[in-house]
**Student:** 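Here it is, the structure in full.
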Protein chains: 2
Amino acid sequence: MPRAGLSPQLVADLALAVVDEHGPDALTLAAVAQRAGVAVPSLYKHVAGLPALRAAVALHCVDELADVMAGALDGRSSSEALVALAHALRRHALAHPGRYAAAQSDWVREPSAELLVAGARAVGVARAAVAALGVPPDRQVDAVRAVRATLHGFVSLELAGGFGMPDDVDVSFDFLVAGLVEALVAAGAGTARPVVG
Amino acid sequence: MPRAGLSPQLVADLALAVVDEHGPDALTLAAVAQRAGVAVPSLYKHVAGLPALRAAVALHCVDELADVMAGALDGRSSSEALVALAHALRRHALAHPGRYAAAQSDWVREPSAELLVAGARAVGVARAAVAALGVPPDRQVDAVRAVRATLHGFVSLELAGGFGMPDDVDVSFDFLVAGLVEALVAAGAGTARPVVG
DNA sequence: GCATGTGGCTAATGCAGTTAGCTTTCTGTT
DNA sequence: AACAGAAAGCTAACTGCATTAGCCACATGC
């Protein structure tokens with residue numbers, strides 16, 4: 001019985017590969033053990049159980065998503081920033097649908113503090129984007145919620161195969177993002193000159 | 001061994017109750033059998049298995065959602081219709097989170113023809129709403145996708161507990177819906193007078 | 001009043017996660 | 001170099017779930 005040379009990191013990487021190839025629902029200890037060339041209980045030497053493995057994968061995916069979002073903002077301002085964020089997020093989700101799904105908050109039953117921090121970082125990036133658009137502070141929470149709802153709604157419907165019509169989905173996304181930017185800019189303008197009109 | 005008097009309908013109703021109380025993930029044959037006061041294999045006399053039971057529940061939930069949406073449109077026109085649809089959908093989802101989740105397309109692996117028809121009906125209602133807003137036919141697919149993405153995105157994030165900030169979620173929703181209506185009206189106006197401006 | 005079909009049941013199988021406890025291998029100290 | 005102990009693998013066993021097979025009893029129809 002030669003040692004397989006596992007480690008918590010390697011187990012998490014294998015789990016990530018499963019999620020990448022077959023989606024979060026396919027993440028089972030059996031699948032990971034098979035990839036590791038190891039019996040299922042052996043995994044418990046490196047990870048506390050399935051929920052812990054899920055938590056590790058989710059943390060990685062949320063961090064990655066936050067990185068993608070932050071990278072899109074880099075060097076851009078005003079509406080360009082939000083548009084770039086939107087496209088970067090969708091591109092990432094389409095390229096790694098399993099990871100995107102694993103980053104959603106309903107996949108892990110009891111989120112750890114680390115996971116909450118990672119999620120907060122992603123939200124912070126979105127907040128920076130709406131701030132760059134001129135949305136005043138007292139509207140930023142609403143604006144961030146609008147951004148998240150819009151982008152997540154579109155991408156999750158698209159990934160779930162919810163768009164049956166043959167019409168170009170890229171066009172629909174551009175349409176949606178344009179409307180979002182417009183609405184947020186208007187909100188900014190509205191509060192920027194509160195009593196003038 | 002007195003007969004329990006089950007029927008496919010009754011089994012589906014019990015399944016719906018499980019989904020209502022504990023969410024779609026908690027729907028197991030064991031849970032339904034317990035409610036029915038019956039051994040698990042007995043259920044197979046009335047339903048083909050767990051996937052079939054899920055399909056039945058999903059069909060009911062999608063139909064119900066389409067009804068709610070259609071009911072909101074009743075007697076309303078222009079932007080009022082879409083606003084009413086939005087609030088009716090969110091109200092229904094918050095009142096029956098399990099049913100709303102069960103109505104999503106990723107919950108059933110292989111949707112039946114019936115389920116697709118029910119989904120198409122819901123989409124048709126959304127299309128009627130955007131048409132009432134003056135969105136021209138060649139923009140309606142984009143508009144419907146925007147409506148679905150916006151509403152589903154917001155509601156699913158809210159149900160997943162994704163909104164950590166203490167700020168009023170009702171206000172955020174109104175903000176989002178107002179922006180959506182505005183963007184769709186603008187799209188209608190834009191295509192109504194294509195070359196004038 | 002019996003024959004039949006239907007609606008229950010128990011038993012058994014397979015697959016998932018998890019725990020316990022054993023053995024082997026690596027490592028680090030003397 | 002030898003050995004002690006920790007770390008990493010294993011098998012065995014248990015639980016909960018879905019599913020299938022096959023049995024038995026009730027209810028109905030002739």
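Within every chain, numbering begins at 1; the chains are lettered A, B, ... in the order of the sequence lines, protein sequences first and strands thereafter. Everything numeric in this text was worked out from a predicted model, so none of it was measured.
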**Student:** Take B:D170 and B:R90 through the test salt bridge (Lys or Arg N to Asp or Glu O under 4.0 Å) and record every step on the way to the result.
**Tutor:** CA-CA 10 Å; B:D170 290 354; B:R90 176 164 175 252; 2.9 Å; yes
**Student:** Heavy-atom distance under 4.5 Å between the side chains of B:W107 and B:L27, does that happen here?
**Tutor:**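 They are in side-chain contact.
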**Student:** Does this structure show an ion pair linking A:E110 with A:R54, if we count only N-O contacts that are shorter than 4.0 Å?
**Tutor:**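 Salt bridge between A:E110 and A:R54, a charged N being under 4.0 Å from a carboxylate O: no.
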**Student:** Under 3.5 Å, which donor-acceptor pairs do the side chains of residues 67-74 of chain A form with other protein atoms, sequence neighbours left out?
**Tutor:**
unit_1, atom_1, unit_2, atom_2, d
A:D67, OD1, A:R121, NH1, 3.2
A:D67, OD1, A:R121, NH2, 2.8

**Student:** If you measure from the Lys or Arg side-chain nitrogens to the Asp or Glu carboxylate oxygens, is any gap between B:D13 and B:R35 under 4.0 Å?
**Tutor:**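 No.
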**Student:** When all nucleic acid strands are considered with a 4.0 Å heavy-atom cut-off, which category describes A:V40: base, sugar-phosphate, or nothing?
**Tutor:**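 Base, at least one base heavy atom under 4.0 Å.
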**Student:** Taking the basic N atoms (NZ, or NE/NH1/NH2) and the acidic carboxylate oxygens, is any pair closer than 4.0 Å for B:D25 and A:R109?
**Tutor:** yes
**Student:** For this output row, return yes or no: ring centroids of B:F175 and B:F154 closer than 6.0 angstrom.
**Tutor:**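 Here the rings of B:F154 and B:F175 have centres that are no less than 6.0 Å from each other.
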**Student:** Determine yes or no for a side-chain-to-main-chain donor-acceptor pair under 3.5 angstrom, with B:S42 supplying the side chain and B:V38 the backbone.
**Tutor:** no
**Student:** Can you tell me the distance, in whole Å, between the CG atom of A:L10 and the P atom of D:dG9?
**Tutor:** 10 Å
**Student:** Going by heavy atoms closer than 4.0 Å, what residues in residues 14-37 of chain B are next to DNA chain D?
**Tutor:** B:T28, B:L29, B:A30
**Student:** If you take any heavy atom closer than 4.0 Å to DNA chain D, which residues from residues 41-50 of chain A end up in contact?
**Tutor:** A:P41, A:S42, A:K45, A:H46
